[in-house]
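Notes to accompany the following structure.
In what follows, chains are A, B, ... by sequence order, proteins preceding strands, each numbered from 1. What you see is a predicted model; the values in this text were computed from it and never measured.
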Amino acid sequence: MTASENRTPLPKNFFNRPTLTVARDLLGKTLVRRWRGVELRAKIVEVEAYIGQADTACHCSKGRTRRTEVMFGAAGHAYVYFVYGMHYMLNIVTEATGFPAAILIRAVEPLAGQEAMAALRGNSARNLTNGPARLCQAMAIDKQFNGWNLTTGDTLWVADAPAVPDAAVARGTRIGIGYAAPADQNALWRFWLKDNPFVSRK
DNA sequence: CTCTCGATGTTCT
DNA sequence: GAACATCGAGAGG
């Protein structure tokens, strides 16, 4: 088995660390989804961190509600939410139980199962996985995975892959958070792989 | 390439 | 009732 075919799920301890560290280390790892007998695989190429109740960009800044409950839970679980009346977003919960934080997966690069992904997106779609809602559609990720344990290797998980060197990592501000306080809008909490064509924006 | 705009339903005020 | 961690279509350069 080559590194690109690794199925070993990242353990809870990988996610139970400072969110910015986890975000940076998630780059290059493999998102795996078993769907109707097909294994969909994609490399994580862009992420954003949402950290704690003091972060006004984070949903958890509104407190512990039915929606944000998962973020207050154990690391390594999925936080999937619905926005704009039509889009799902995939996040991974980080840090200790009781501290709300998560990482939004913003873009991935398809590695296997591209035909199924294209069918899920609608075969006329031009952009397969370069956006948080697009990748959810391409990998059949919806509300059923909210609260899903991503560390067991069942149905949806993150597989280990070789670490990405610092020279390949870029960092900037988060996207689509104009409602947040200026300091939070300016935080460099978005990470992506330099020059990767599947990143959502330049 | 850029931009503007509408879709659509859950969540919280 | 307003806002929303977005996307795709359509108009224009």
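- Taking the six-membered ring where the residue is Trp, the centroids of A:Tyr50 and A:His59 are separated by 6.0 Å or more.
- Taking for each of A:Gln137 and A:His59 the nucleotide of DNA chain C with the nearest heavy atom, the 5'-most of the two is the partner of A:His59.
- The residue among A:Gly85 and A:Thr68 whose nearest nucleotide of DNA chain B is located toward the 5' end is A:Gly85.
- Judged by a 6.0 Å distance limit and a 45° cone about the ring axis, A:Arg33 is not positioned over the six-membered ring of A:Phe145.
- If you check every strand for non-hydrogen atoms under 4.0 Å, A:Leu104 touches a base.
- Nearest-nucleotide positions on DNA chain C place A:Gly176 closer to the 5' end than the other of A:Gly176 and A:Ala125.
- Within the 4.0 Å cut-off from OP1 or OP2 of B:dC12, at least one side-chain nitrogen or oxygen of A:Thr65 is found.
- Taking the side chain of A:Tyr81 as heavy atoms from C-beta on, and the options B:dC12, C:dA5, C:dC7, the nearest nucleotide is C:dA5.
- A:Arg66 comes within 4.0 angstrom of no nucleic acid atom, judged by non-hydrogen atoms across all strands.
- When each of B:dG9, C:dC7, C:dG8 is scored by its nearest atom to the side-chain atoms of A:His87, the top-ranked nucleotide is C:dC7.
- With distances taken from any side-chain atom of A:Arg134 to the nucleotides B:dG9, C:dA5, C:dG8, the minimum falls on C:dG8.
- With C:dT6, B:dT8, B:dC12 as the choices, the nucleotide that has an atom nearest any side-chain atom of A:Pro132 turns out to be C:dT6.
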